[in-house]
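Contents: one structure, followed by commentary.
The chain is numbered in sequence order, starting from 1. Note that ligands are numbered from 1 as they come in the structure, with each ligand's atoms numbered from 1 the same way.
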Amino acid sequence: MRSVSFLLLLSIISSVISWSPTGSLAPGIVSCPNKTLIRAANGISEEEKTWLEGRDRVTNANLIKFLESKLENFDASNFVENASRPIRLAIGVSGGGWRAALVSAGQLAAFDDRTRGDSGLAGILQSATYLSGLSGGNWLTGTLAMNNFTSIQQILDEGEIWNLESSALNPQWDLNYTAEYYKTIRQDLDDKKKAGFPVTTSDTWGRVTSYTAFAKMKDHGVSMCFSDLQNFDVFKNHEMPMPFSLIINREPNSFIVGKNATVLEVNPFEFGSWDPSLRQFTPIKYLGTELDDGVDNGTCVAGFDNAGYLMGTSSSLYNLYHDFLDNLNLTAIPESVRETAKSLFKYAYDKETQYAFLEPNPFYNSHLGYAEDIVKNETLFMADGGEDGESIPFHPLIQPSRGVDVVFGLDNGQDRPEGWPNGTTLINTFERQFSKQGTGKFPYVPDQQTLLNLNMTAKPAFFGCDAKNLTSISEKGHDVPLVIYLANRPFSFWSNTTVMKLNFQEWEKRGMIQNGYETATRLNGTLDSDWPTCVACAIIRREQERQGIEQSDQCKECFEEYCWNGEINHNSIAGVNFTDIGLTSGPNDSGNRKVIEPSNQIY
Ligand SMILES: *[C@@H]1O[C@H](CO)[C@@H](O)[C@H](O)[C@H]1NC(C)=O
Ligand SMILES: *[C@@H]1O[C@H](CO)[C@@H](O)[C@H](O)[C@H]1NC(C)=O
Ligand SMILES: *[C@@H]1O[C@H](CO)[C@@H](O)[C@H](O)[C@H]1NC(C)=O
Ligand SMILES: *[C@@H]1O[C@H](CO)[C@@H](O)[C@H](O)[C@H]1NC(C)=O
Ligand SMILES: *[C@@H]1O[C@H](CO)[C@@H](O)[C@H](O)[C@H]1NC(C)=O
Ligand SMILES: *[C@@H]1O[C@H](CO)[C@@H](O)[C@H](O)[C@H]1NC(C)=O
Ligand SMILES: *[C@@H]1O[C@H](CO)[C@@H](O)[C@H](O)[C@H]1NC(C)=O
Ligand SMILES: *[C@@H]1O[C@H](CO)[C@@H](O)[C@H](O)[C@H]1NC(C)=O
Ligand SMILES: *[C@@H]1O[C@H](CO)[C@@H](O)[C@H](O)[C@H]1NC(C)=O
Ligand SMILES: *[C@@H]1O[C@H](CO)[C@@H](O)[C@H](O)[C@H]1NC(C)=O
Ligand SMILES: *[C@@H]1O[C@H](CO)[C@@H](O)[C@H](O)[C@H]1NC(C)=O
Ligand SMILES: *[C@@H]1O[C@H](CO)[C@@H](O)[C@H](O)[C@H]1NC(C)=O
């Protein structure tokens, strides 16, 4: 299949360069780790267990600081340090193109103690153990993770990362630059192909993504791997949450999107799936190695887990559209380079698919799950992480072995024609747990109509507030995480841009981020000054339940305000009510949009 001699040649180059052994997009040979390269998904990896010990210490300290400032008559250190198990927070960032990435960026900025001006929620990000993203959301989580856990504040202040003024498909109005850009990407893809690995549209997309997300890095991260995080100081020292990206397995030409699709998890240590269909993980560093039931042939490969490639694959929504290429609007691209651009997206059409290929398939011939079609194939086919209808990547965060108490679900997806969410992703995650593919634990949620009618997309909502009501999901109800749901809605900006919008002017970008910040903070505390306290109440809830501690009156009031109490409401006309802040219509192009001038930066 591949030429061994070429790989050997590459391995000589590899000795001088870090990151990918070849220093390019091409994977190369490394020595094999002398162990089986698959394991059954019976729990988290040993590496993750070890990492968690360190991260728990850091998040405990940050959490104590956060809780102390929010709760009255509460001994935060005693509570956190003597908890029956570590209190773990997780954040899931939905897909939805740049809309999702930018609005979620505003929400994360509100959670981040490095953002100027106190949102009331600063420190949540520093207290979080896990941070997952898929599709557009994974551009955000991947950008933060791979840039030494930079902050949104820093991204906006420096202005290098996420230059969205020129689109990925038209990097600059400078013809020479554009031509050079496509030539370089073409060269990167050729490197990978020459090393014997299939190249697909996702490789192009991955490079395009990297130009935006890894703008500050040498060669735009062409040889940077997801597994390289293991060696990043900021990760090793437990100063950042563990990032996940989600991808789904999908057979080419099966245009049916199934809730039972196999979800693939990318984490700094491993790649694989919890789902009964596959139920195994492999060390992510050795992706690209030929394995037979987890056993290598003595020659191992590294460098396949290119960070941009995995981020691009997680956001490869275009494989839903047969005619993606025909619909690409390339008119902005100068004619002389248009064909090169087109050829990049057509690259490796030899198998006539727009799927990302993981070839060789690391799970080849390993029968730990039930889906024989996956493990009998030499190729694992991958597609956009949101294509199973779960656009918030809750999946890795609700696995019982991760012991998460509270999950923030940031929903910046599109369910309604106008581009706003209606909670469908919550329902799909809830239902999946009862299917053949079910593994996680998720609390009860209402139907979309009720969600809309009870204003749960217009203001934050808590689900699973009472563990006693969850015993039909898990014997001990307090194993099921409490979910804090934050949905996109307009405050100062029409943040319902379409998923295909790839260009944002600077003021539009800042408008999206600002609006996200406002959705997370209840308009920066102006709608409810107790909101940060209520978040603190939600964070401590499960541990209180485990210990049988009664909620304070302060927290009871919060739960009254934000918890779904089981009510079903189909009475009124569907629609998010945006009138609660006196905006009958939000800002718009022609007039009342609050434009954030660079001279008046909020971040
Ligand atoms: C591989 O590991 C086994 C035991 O785990 C050990 O006996 C053997 O010496 C190792 N081989 C090499 C080449 O390290
Ligand atoms: C939020 O409000 C605080 C003051 O309460 C202010 O310092 C900060 O700049 C505001 N942030 C944003 C993003 O509006
Ligand atoms: C991340 O930090 C390391 C030092 O710990 C530095 O060498 C590297 O250049 C940084 N990467 C980025 C993208 O800033
Ligand atoms: C673009 O390249 C051409 C030929 O290489 C050169 O003559 C021209 O000056 C370049 N234009 C710019 C704006 O750099
Ligand atoms: C998903 O469901 C479809 C139809 O019920 C079935 O054909 C397919 O094998 C299932 N896939 C998995 C991975 O369970
Ligand atoms: C052994 O595996 C490597 C990749 O891990 C592959 O390049 C090579 O072709 C394989 N050799 C044989 C003889 O199958
Ligand atoms: C394609 O892009 C050009 C330039 O960006 C724009 O003027 C035109 O309206 C677009 N066409 C479509 C069909 O969107
Ligand atoms: C692998 O999957 C592809 C695409 O579905 C299919 O054409 C091929 O026959 C499969 N190979 C095997 C060995 O099943
Ligand atoms: C919610 O969104 C889904 C698509 O995600 C749509 O099918 C459904 O009709 C919507 N329901 C309501 C009440 O908006
Ligand atoms: C954004 O939302 C508003 C209100 O729902 C709607 O009028 C507008 O058409 C939406 N914009 C887009 C691009 O869908
Ligand atoms: C949980 O149970 C209590 C009674 O124990 C009930 O009042 C409440 O409505 C229930 N909440 C949900 C979400 O079912
Ligand atoms: C939803 O919000 C509107 C005003 O924004 C309010 O009139 C209505 O009572 C709210 N509905 C519920 C169930 O709280």
| What residues form a salt bridge (Lys or Arg N to Asp or Glu O under 4.0 Å) with R39, not counting sequence neighbours? | E270
| query | Can you find an N/O atom of N422 closer than 3.5 Å to an N/O atom of ligand 9? | reply | yes
| Think K459 forms a cation-pi with Y562, using NZ or CZ under 6.0 Å from the six-ring centre and within 45 degrees of its axis? | yes
| Any N/O pair W420/ligand 10 closer than 3.5 Å | yes
| query | Contact between T289 and ligand 6, counting heavy atoms under 4.0 Å? | reply | yes
| Taking N or O atoms only and a 3.5 Å limit, does Q448 qualify as a polar contact for ligand 9? | no
| field | Cation over ring face, K501 and F504, 6.0 Å, 45° | value | yes
| said: For F304 and Y309, take the angle between the two ring planes, folded into 0 to 90°, and tell me which bin it lands in: parallel under 30, tilted 30 to 60, perpendicular over 60. | reply: perpendicular
| Taking both backbone and side-chain atoms of E418, is any N or O found less than 3.5 Å from an N or O belonging to ligand 10? | yes
| message | So for ligand 9, is Q449 a polar contact partner (N or O within less than 3.5 Å, distance only)? | response | no
| request: Identify, by atom number and element, the atoms of ligand 6 in contact range of T299, meaning under 4.0 Å from any of its heavy atoms. | output: 2 (O), 3 (C), 4 (C), 5 (O)
| Who passes salt bridge (Lys or Arg N to Asp or Glu O under 4.0 Å) against D188, sequence neighbours left out? | R207
| Nearest heavy atom to atom 11 (N) of ligand 6: which of N297, I29, L291 does it belong to? | N297
| request: Keeping the roles fixed (side chain from N515, backbone from S495), state whether a donor-acceptor pair exists under 3.5 Å. | output: no
| message | So for ligand 6, is E290 a polar contact partner (N or O within less than 3.5 Å, distance only)? | response | yes
| query | Which of the atoms in ligand 9, numbered in the order shown and given with their element, are less than 4.0 Å from a heavy-atom of L452? | reply | 13 (C), 14 (O)
| field | R432 to F430, cation-pi by 6.0 Å centre distance and 45° axis angle | value | no
